[in-house]
Each structure stands twice: as structure tokens, then as C-alpha cells.
Amino acid sequence: MRLILLGPPGAGKGTQAKKLKDKFFIPQISTGDILRRAVKDNSELGIQARSFMDIGQLVPDDLVISLIKERIKKADCEEGFILDGFPRTIIQAEKLSETLNEMGLVIDTVVDLVVDAKEVISRLAGRSTCQDCGGMFHVQSCPPKVEGVCDNCGGNLAQRQDDNSETILKRLDVYQESTAPLKQFYMRQGNLKTVTARGSVEEIFSRVLEMVK
Ligand code: AMP
């Protein structure tokens, strides 16, 4: 099963991708997580990506395209994968189709998580993320049992560098301009499914499952 999760920042792509991964035993491939790891490690990729990420801009297409091309060819992707945060531009989507085509594969379903901007801003502003496992918490809707400590692995929770109000607004603009046009792209390919991303994580997950079955 090869899936793409689309939607603005804060729509719950990461949360739903993790649940899909646990249910179907296929990897979650988050370009955001891969890039944040690279920044933390101060690798060549991280050094190139950091200045874009800090201001809520997209990292250049060629960097993310080459990392995804390598990643989806790995053995653990044979039974499928969940793309979370990729593609983000039409060029990325075209290159992904090309690469899959060469491998004799296709994307089965693109799930578009729909949520309004006001909800997104409140979700992101109250979000904290585990520095070790990437687990996500929210000050109101999903507080950790112990403040600042991840329930899953005991790692430290911190607000993401780009979850401040100025950068959130920039990321939403970038989404509208560069990523929202992907809905038309996948609608034309006939595999776009729309899911209302309001309500509890479990409610949203059951809607997602209906679409990917
Ligand atoms: P995310 O965790 O998906 O919200 O991504 C965090 C940041 O990483 C984004 O604001 C971008 O700067 C960068 N990023 C993640 N995925 C991509 C992508 N597919 N294309 C370009 N930049 C990306």
C-alpha cells in the first residue's frame, strides 16, 4: 500500500501516518523528520536545509527529491510506505510519479486532511514534540502525563523551532501557494480522497481507514 498524506501544517499528517504505520507495518516517511534529524546532526543536508526551515520556507526541490528517491528504494518499502510531508510542490509530485513509474509502481491513495486555518494555528501553537521519538503532544487536547516528558519514550518535549506564530503563518501561506495545487494534480489522477480532520485522533483515523481500504 503506497499512500500520501496531504494537508496543511497542523492537519495531523504525522499523527495519522504513525497510526497507519502501526496498523499496516509499512514505514512512515516524513521529509520534515528526516530534515530535522539532518539539522540536528549538522550534516551537509542539514546545513543546506536549516535556513529554509527556520523561516517556514520549503527546502529546494532537488534536495528533498533525491532523499525520497533513495528512501523509497530501500527494502523496507517493498510492501509500501506512507509519505508524510512529501510531495509539497508540483515538481516533487511529478518526480515522484516518474520514479515510481520506473519502478513499475503507483500511489494507491492520496488522503487530503482538511482543516481550517484557525484550528491549525491553535494546534501548532500548543504543540510540543519529543526530541527523541517524534511523539506529539498538545497543551490542551493531548497533554503529556508529566510536563516536558514524552509518554512514549521518556524523551524531552520541546516546541518545534518553526511552531512560533510568525513562522506558522508563513508555512500556511507557503502551503496555499505551493502545496494546495497538488489536490488538483491528484484529483486528475483519480486517487485523491478527502477527509475532514476535525474531532479526536481516533475519529479522524477511522475516516482515514475508510479511504485507504
Ligand atoms: P513538516 O515537519 O512536514 O511540517 O516540515 C517542516 C519543514 O521542513 C517545512 O516547513 C520545510 O521547510 C521542510 N520540508 C519538509 N518537507 C518538505 C518538502 N517535501 N519539500 C520542501 N521542504 C520540506
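Hydrogens, waters and symmetry mates play no part in the numbers below; they use all other heavy atoms, side chains included. In this text the structure is predicted, and so the values were computed from the model without any measurement. All ligand and atom numbering here is 1-based and tracks the order in the structure.
- Ranking protein heavy atoms by distance to atom 4 (O) of ligand 1, first place goes to Arg160 NH2, 3.1 Å.
- Residue Gly85 has at least one nitrogen or oxygen atom sitting less than 3.5 Å from a nitrogen or oxygen atom of ligand 1, judged on distance alone.
- Residues Pro9 and Arg171 have side chains in contact (heavy-atom distance under 4.5 Å, counting atoms from C-beta outward).
- In terms of polar-atom proximity, Arg36 is counted as a contact of ligand 1, with an N or O under 3.5 Å from an N or O of the ligand.
- Residue contacts with ligand 1, taken as heavy atom pairs separated by less than 4.0 Å, involve Val59 via backbone and side-chain atoms alike.
- If you look at Leu35 next to ligand 1, the close heavy atoms, those under 4.0 Å, all belong to the side chain.
- Hydrophobic clustering places Ile107 together with Phe185 (ILVMFWY residues linked when any side-chain heavy atoms are closer than 4.5 Å, directly or through intermediates).
- Taking every heavy atom of Gln92 and a limit of under 4.0 angstrom, the matching atoms of ligand 1 come to 18 (C), 19 (N), 20 (N), 21 (C).
- A continuous path of ILVMFWY side-chain contacts below 4.5 Å connects Leu209 to Ile204, so both sit in one hydrophobic cluster.
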Intermediate values then yes/no, side chain to side chain donor-acceptor pair (under 3.5 Å), Gln131 and Asn156: CA-CA 6 Å; Gln131 304 297 285; Asn156 278 335; over 6 Å; no
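- In terms of protein heavy-atom proximity, atom 7 (C) of ligand 1 is closest to Met53 CE, 4.0 Å.
- With a heavy-atom cut-off of 4.0 Å, Lys13 does not touch ligand 1 at all.
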Check against salt bridge (charged side-chain N to carboxylate O under 4.0 Å, His left out), Glu203 and Arg198: CA-CA 8 Å; Glu203 282 164 351; Arg198 286 194 75 103; over 6 Å; no
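- Atom 1 (P) of ligand 1 has its nearest heavy-atom neighbour, among Gln161, Arg171, Gln57, Arg88, in Arg88.
- Between the side chains of Thr167 and Asp162, not a single donor N or O lies within less than 3.5 Å of an accepting N or O.
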Pair Asp33-Arg36, salt bridge (charged side-chain N to carboxylate O under 4.0 Å, His left out): steps then yes or no: CA-CA 5 Å; Asp33 286 349; Arg36 273 185 291 281; 2.9 Å; yes
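- With a heavy-atom cut-off of 4.0 Å, Lys170 does not touch ligand 1 at all.
- Less than 4.0 angstrom separates some heavy atom of Val64 from each of these atoms of ligand 1: 18 (C), 20 (N).
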